[in-house]
Amino acid sequence: MSGVDGMCSYVNRTWLNFRGSSLQKEKGVGWLDGVHPDDAQMVMDKYSAAVNARANFQLEYRMQKKDGTYVWVLNQGFPRLSEGGEFLGYVGCCLDITEKKEAEAVLRSEKLQAETANKMKSGFLAVATHEIREALGALLGFSEMLSGGDLSRSEKEHYRQSVRRKGAQLSQIINSITDLSKIETGELEVKKADVNLLDLLNEVIATMSLQALEKNVVLRLQFEHNLPRWIYTDGLRLKEILINVIDLAIKYTTKGEVVVEVSPEAQDLLSFVITDTGRGMTVKEQKAIFNPFQSAELELSEGSVGLGLILARNLAQSLGGNVELLFSEPGKGSKFKVTLVRSPSLHKDKMESAGSSMGGANLPLKGMKLLVVDDVKDNQDLVSRYLKKVGVHDLDFAENGAEAVEKARKQDYDCILMDLQMPVMDGLEATKTLRKDGYKKPIWAVTAYALREERDKCLAEGFDDHFAKPIDRKTLIGHLENLKKEKESDANV
């Protein structure tokens with residue numbers, strides 16, 4: 001209770017036990033000593049205003065207990081009036097509302113997280129949609145140009161290369177979206193194995209060379225002689241990281257070069273520095289490139305930044321490394337650095353030299369006999385063209401799993417390329433059937449699903465390898481070369 005002046009005149013025993021205090025200490029304004037310092041001014045201002053107005057009041061603030069901790073209280077006060085209506089002071093009570101305030105804090109945090117997540121997803125969708133539309137628009141446009149009858153041979157080849165590049169770009173965007181989604185939900189798997197570093201670098205350069213060539217940009221690879229030939233890491237993820245960073249470098253370079261320098265930075269670190277002579281980035285762009293939401297705003301106003309760097313950094317961090325911007329200035333280009341933590345490999349040999357290691361060509365695949373199983377004629381024709389150019393002329397085809405099983409039982413194939421989604425009998429069921437029959441030859445799955453889980457599922461069901469559509473020609477041929485080498489090695493034993 002309080003008097004006309006608002007000064008505390010009485011508190012009950014429950015209050016004194018709660019505070020660990022005495023009535024003498026709490027009377028007057030002594031009770032204010034227990035109010036949290038951050039809340040004290042607010043309590044004094046509102047209480048004084050209520051006293052002056054002779055009005056009800058309701059305050060929420062933190063009050064100190066006898067053990068020194070604070071709890072949230074709801075303080076409600078009501079004027080005491082005489083029979084004649086004269087103001088005599090206040091009577092009030094305090095309720096412990098700590099659990100209520102904690103629940104509200106949790107709800108606020110969850111709401112903020114949800115709003116942030118929605119904002120990020122909207123930004124992510126804006127970038128992804130723009131990237132897909134840009135690539136798809138170019139792909140459709142070049143395809144339409146190819147249907148014209150008045151094109152020269154060089155024009156046709158130019159449009160064909162553009163179609164291939166835009167198709168690969170679409171595939172890369174879809175893979176990026178899938179991987180970023182996996183990273184967000186914590187489902188991205190990292191699978192490490194011994195990786196031939198030189199082979200991986202050559203694959204990356206070969207993948208990006210067409211894009212660089214079309215822009216008249218020189219793409220160079222430089223590395224020191226003391227690099228390890230073998231590293232223990234996730235080769236698939238490392239390729240994704242490098243391709244995404246190099247892709248951006250080429251994208252914003254209209255003349256000059258993009259240089260990829262590889263060097264050991266410490267005993268367990270590798271450094272990949274990508275330097276370009278492109279247009280460089282503004283301060284605003286530099287702050288936005290690794291943020292999905294900010295990148296979306298930037299993409300809509302000043303030219304596409306895309307998903308590549310965001311994905312590259314997340315993947316690098318999943319491998320214990322990072323992607324960082326070392327330098328960028330408008331008109332002077334940019335420099336990015338990828339670091340990779342590598343575990344010790346079982347292989348101890350080193351690269352011989354840059355000169356001797358950069359050479360080499362695909363071995364001919366003449367003499368191999370393959371069965372291509374796919375219900376889409378265009379896919380059959382595409383794979384056929386790939387393989388015939390490297391010497392595989394003994395090709396057989398099947399349009400469904402049942403037909404593939406029948407042919408595999410009668411013919412001796414070196415390998416079967418098996419699509420998964422087909423009528424009559426799908427590729428998974430066909431492979432299970434063949435394995436039950438004791439079929440030992442390699443069967444490679446071909447599917448539109450590029451997720452790691454899909455690959456693992458295929459391997460668990462009897463496939464020997466897995467390729468995501470569209471099949472990368474160099475990767476397929478490289479796997480077939482290895483298969484042929486194994487076959488020849490077995491024959492010589």
Side-chain angles (χ1 to χ4, degrees), residues 119-120 122-135 137-138 162 165-166 168-170 172-173 176-177 180 204-205 207-223 240-263 265 271-317 321-340:
K119 210 172 183 182
M120 294 286 282
S122 297
F124 178 88
L125 183 61
V127 177
T129 301
H130 177 81
E131 292 286 292
I132 290 173
R133 284 178 175 170
E134 183 186 66
S162 298
R165 181 166 58 84
K166 289 301 178 181
Q169 184 179 340
L170 267 178
Q172 183 181 336
I173 292 169
S176 297
I177 293 171
L180 281 170
V204 169
I205 298 300
T207 301
M208 305 307 298
S209 59
L210 178 59
Q211 182 179 341
L213 183 64
E214 290 194 344
K215 294 198 68 178
N216 293 319
V217 172
V218 176
L219 177 60
R220 292 196 293 116
L221 172 64
Q222 294 180 349
F223 51 81
E240 287 184 74
I241 294 166
L242 295 176
I243 285 173
N244 277 298
V245 180
I246 295 171
D247 174 73
L248 187 71
I250 296 174
K251 191 174 189 178
Y252 284 113
T253 303
T254 55
K255 63 179 180 179
E257 63 181 8
V258 173
V259 181
V260 182
E261 299 175 84
V262 189
S263 60
E265 190 167 277
S271 169
F272 305 83
V273 176
I274 295 91
T275 306
D276 66 66
T277 57
R279 70 168 180 84
M281 286 181 284
T282 64
V283 174
K284 181 180 179 181
E285 287 175 319
Q286 293 177 40
K287 292 180 179 179
I289 54 177
F290 291 110
N291 184 297
F293 178 67
Q294 293 181 3
S295 179
E297 292 181 327
L298 180 65
E299 174 273 324
L300 292 174
S301 61
E302 298 184 14
S304 174
V305 171
L307 303 171
L309 285 179
I310 301 166
L311 174 62
R313 170 172 279 185
N314 279 277
L315 289 176
Q317 290 174 349
N322 199 14
V323 176
E324 56 186 322
L325 177 64
L326 297 183
F327 165 83
S328 190
E329 186 177 331
K332 295 186 178 181
S334 302
K335 178 182 289 189
F336 287 89
K337 181 180 181 181
V338 177
T339 52
L340 171 71

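Computed from a prediction, not measured in an experiment: that's the story for all the values here.
Checked against salt bridge (charged side-chain N to carboxylate O under 4.0 Å, His left out), Glu329 has the following partners two or more places apart in sequence or in another chain: Lys332.
Of the listed residues (Leu221, Leu248, Asp247, Val217), just one forms a side-chain contact (heavy atoms from CB on, under 4.5 Å) with Val258, and that residue is Val217.
Contact between Gln286 and Ser328 at its shortest, heavy atoms only, is NE2-O, 3.1 Å. Across all non-hydrogen atoms, the minimal contact from Ala312 to Ile241 is O-CG1, 3.8 Å. The minimum heavy-atom distance linking Met281 with Ile289 is given by the pair SD-CG2, 3.7 Å.
Here the straight-line distance linking atom CZ of Phe327 with atom OG of Ser334 works out to 7.5 Å at 0.5 Å rounding. Atoms CZ and CG, from Phe336 and Asn244 in turn, are 11.5 Å apart once rounded to the nearest 0.5 Å. Note that CD of Gln211 and CD1 of Ile243 are 10.0 Å apart. Values are rounded to the nearest 0.5 Å. Rounding to the nearest 0.5 Å places CD1 of Ile246 at 11.5 Å from OG1 of Thr253.
At least one side-chain heavy atom of Lys215 sits under 4.5 Å from a side-chain heavy atom of Ile250. In this structure the side chain of Thr277 never reaches within 4.5 angstrom of the side chain of Lys255, judged on heavy atoms. Annotation: side chain of Thr275 is in contact with side chain of Glu261 (closest heavy-atom distance under 4.5 Å). At least one side-chain heavy atom of Glu265 sits less than 4.5 Å from a side-chain heavy atom of Lys337. Between Asp276 and Glu257 the shortest side-chain heavy-atom distance does not fall below 4.5 Å.
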Fill in: Intermediate values then yes/no, side chain to side chain contact (heavy atoms under 4.5 Å, CB included), Leu311 and Glu240
CA-CA 9 Å; Leu311 174 62; Glu240 287 184 74; 4.2 Å; yes

Worksheet item: Step by step, would you call Val273 with Lys335 a side chain to side chain contact (heavy atoms under 4.5 Å, CB included)?
Response: CA-CA 7 Å; Val273 176; Lys335 178 182 289 189; 3.6 Å; yes

Worksheet entry | Audit row: Arg279, Glu285, salt bridge (charged side-chain N to carboxylate O under 4.0 Å, His left out) steps and yes/no | CA-CA 12 Å; Arg279 70 168 180 84; Glu285 287 175 319; 2.7 Å; yes

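Between the side chain of Thr339 and the backbone N or O of Asn322, at least one donor-acceptor pair lies under 3.5 Å. Arg313 places a side-chain N or O within 3.5 Å of a backbone atom of Val323 that can act as its donor or acceptor partner.
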